[in-house]
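Throughout, protein chains are lettered first and strands after them, A, B, ... in sequence-line order, and every chain is numbered starting at 1. Model, not experiment: these values are computed from the prediction.
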2 protein chains.
Amino acid sequence: MGYGNVSERRMQPPQVGVSVVILALGPGAPSSGGAGRSRLWLPLVRRVRQPYLGGWALPGGGLRADLSLERSAYLALESTTDLHPKYLEQLHTFGGPDRSRGGLPMVSVVYWALVGRAETRDFAEADNVRWFPEDDLPAMAFDHREIVGHALRRLRERIEYPDLVTRLVGPEFTLRQLHDVVEAVTGEPVDLANFRRRMLASGELEETGEKIREGRQRPAAVYRYAPAAGERGTRPWGGVMLPDDAGASGNATDAPASSTFGMSDDGAMDDALGPLTTI
Amino acid sequence: MGYGNVSERRMQPPQVGVSVVILALGPGAPSSGGAGRSRLWLPLVRRVRQPYLGGWALPGGGLRADLSLERSAYLALESTTDLHPKYLEQLHTFGGPDRSRGGLPMVSVVYWALVGRAETRDFAEADNVRWFPEDDLPAMAFDHREIVGHALRRLRERIEYPDLVTRLVGPEFTLRQLHDVVEAVTGEPVDLANFRRRMLASGELEETGEKIREGRQRPAAVYRYAPAAGERGTRPWGGVMLPDDAGASGNATDAPASSTFGMSDDGAMDDALGPLTTI
DNA sequence: ACAAAAGTGTTACAAGTACACCCATGT
DNA sequence: ACATGGGTGTACTTGTAACACTTTTGT
């Protein structure tokens with residue numbers, strides 16, 4: 001009952017898309033010439049359609065019915081930014097009529113990921129992609145600013161867990177590097193001695209046997225993240241490890257995702273209907 | 001590129017729905033005649049269409065473009081089970097091609113909620129709704145069994161937080177009641193003395209001044225959940241408090257949701273396309 | 001020798017655990 | 001009086017924080 005006299009349009013479910021918040025460490029404040037404490041940076045893409053045409057938005061894309069949410073997120077990210085995080089974790093799903101000002105209603109499943117410095121290619125800018133420091137973001141499309149805030153909060157809550165910190169620094173690292181990352185992320189000073197002990201006590205770090213000298217003082221032991229087999233994926237949150245060639249599903253000869261994804265290479269189409277959304 | 005020769009259908013984004021996992025305390029194992037430790041129960045609704053016709057599924061419904069995700073979840077729940085939780089929290093979003101066996105691809109935004117014993121009307125069964133104990137669930141449609149597992153894990157992680165436990169017992173309670181709930185949920189014994197102190201130390205419980213006698217021994221002090229104004233909503237997770245008459249948006253004369261929702265009263269349509277999905 | 005960073009020890013305090021104990025109440 | 005649950009005390013263990021200290025290296 002009550003079905004005929006309510007406008008059909010209001011009953012329509014919204015469209016779905018995926019967005020990704022990528023976080024990486026980058027140079028510090030310009031006042032120190034980029035030196036000093038590192039900051040968190042994230043890539044945004046320029047929108048190429050209304051609404052918010054020309055504005056900055058999170059990388060994202062449409063959701064394909066034949067792919068898992070993670071795969072969709074990964075492909076959307078790949079096609080817009082060429083980044084290849086090894087780990088994606090679902091952050092939250094945003095929806096509701098208020099967020100799509102001017103566009104069609106849209107539900108965005110948002111993932112977040114951390115990438116090491118190496119993967120960012122020194123923050124080189126692709127055509128429509130630019131990296132911004134977390135504390136100096138431009139005006140952003142839709143509610144993407146709040147989404148970023150959400151992701152940052154999440155990161156700060158969990159940054160002290162070995163699996164998260166280590167993801168920001170790359171596969172091998174010294175304890176001091178981890179420490180500096182934690183301080184950069186939280187903005188709070190952390191006692192180095194106690195931090196060392198906590199990390200080592202976690203049992204998830206393994207000494208590589210190598211030593212590395214960052215300055216010109218005593219070299220530090222190099223570690224890698226190597227959780228005991230039993231406790232892998234034991235975290236309260238459960239992200240998804242992507243295969244090394246996550247763009248293909250176990251077939252190395254697959255065409256690159258950017259061509260199978262069927263999207264032109266314009267980024268930030270997550271909240272407007274892209275060419276693949278035919279209704 | 002690569003757009004024309006890929007089937008249009010695969011490019012279509014999936015439909016979206018909302019599902020809700022409701023958890024409430026109910027009678028214990030039948031071997032003890034329902035006495036003994038309480039168990040967690042949850043309501044399921046019988047499906048009235050393919051796939052999984054006649055099977056049990058989580059309450060849910062379509063997502064309306066003109067409502068927030070929470071409101072959609074609330075209305076779907078209300079129209080299928082007549083339950084009115086005061087609090088809903090987003091759990092996770094499930095999607096991917098594997099989960100919709102036989103149906104059209106579907107993304108489900110899943111919420112979870114806890115309701116007090118009072119609200120369950122002694123687990124009375126409505127037409128197509130039945131309550132099941134968490135440890136004796138029937139075969140369930142789609143991946144709903146895993147979704148329930150997800151919700152239970154989440155509950156067990158957080159059950160010791162005052163705001164969660166208190167939601168399972170209703171507005172007023174004794175410390176022993178809280179304690180019993182925690183033991184029922186975790187299955188582990190918890191030291192009562194220490195539990196009392198932890199709860200009181202949280203500062204989120206307020207004595208009502210009343211006393212109540214459960215057995216025929218010394219009466220126990222009655223408490224209510226009353227977090228200090230500053231720390232309300234300070235939890236790492238952030239659910240949504242629904243207004244007391246959450247079905248209406250501040251307008252008491254709104255028609256009941258079941259008629260504005262535009263759905264017939266068949267439950268568990270979240271993963272099949274209901275009458276309101278016209279494409 | 002000195003500076004700088006790596007790495008270890010020590011102490012103080014907070015938080016959590018186990019368990020013994022007393023108190024209030026109805027039969 | 002005594003059984004039963006309500007409520008408190010206490011000793012012990014564990015975790016965390018602060019900070020002094022020793023070691024290794026290059027200049």
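- What separates CD of B:E207 from C1' of D:dG7 is a distance of 11 Å, to the nearest Å.
- For the salt bridge (Lys or Arg N to Asp or Glu O under 4.0 Å) condition, the pairs that include at least one residue of residues 209-228 of chain A, sequence neighbours left out, are A:E172-A:R224, A:E206-A:R224.
- In this structure, the salt bridge (Lys or Arg N to Asp or Glu O under 4.0 Å) partners of B:R39, at least two apart in sequence or on a different chain, are B:D135.
- Regarding contacts with the backbone of C:dT17, a side-chain N or O of B:R198 is found under 4.0 angstrom from either OP1 or OP2.
- For A:D191, there are no salt bridge (Lys or Arg N to Asp or Glu O under 4.0 Å) partners, not counting sequence neighbours.
- In this structure B:F132 satisfies the ring-ring contact (aromatic ring centres under 6.0 Å, His included) test together with B:W56, sequence neighbours excluded.
- Between B:H179 atom NE2 and C:dT17 atom P the separation is 12 Å, expressed in whole Å.
- In this structure, CG of B:D180 is placed 11 Å from P of D:dG5, rounded to the nearest angstrom.
- Taking atom CD of residue A:Q177 and atom P of nucleotide C:dA5, one finds them 14 Å apart after rounding to whole Å.
- Nucleotide D:dT16 holds its C1' atom 17 Å from the CZ atom of A:R196, rounded to whole Å.
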Each nucleotide of nucleotides 18-25 of chain C classed B (base within 4.0 Å of a protein heavy atom), S (only sugar-phosphate) or -, in 5' to 3' order, makes BB---BBS
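- By the ring-ring contact (aromatic ring centres under 6.0 Å, His included) test, B:F94 pairs with B:H92, B:H150, sequence neighbours left out.
- Regarding B:E188, its CD atom lies at a distance of 18 Å from the P atom of C:dG16, rounded to whole Å.
- Judged purely by atom type and a 3.5 angstrom limit, B:W41 has no side-chain atom pairing as donor or acceptor with the backbone of B:L23.
- For the pair B:L192 CG and C:dG16 P, the interatomic distance rounds to 17 Å; values are reported in whole Å.
- Rounded to an integer number of Å, the gap from A:E214 CD to D:dT24 P is 20 Å.
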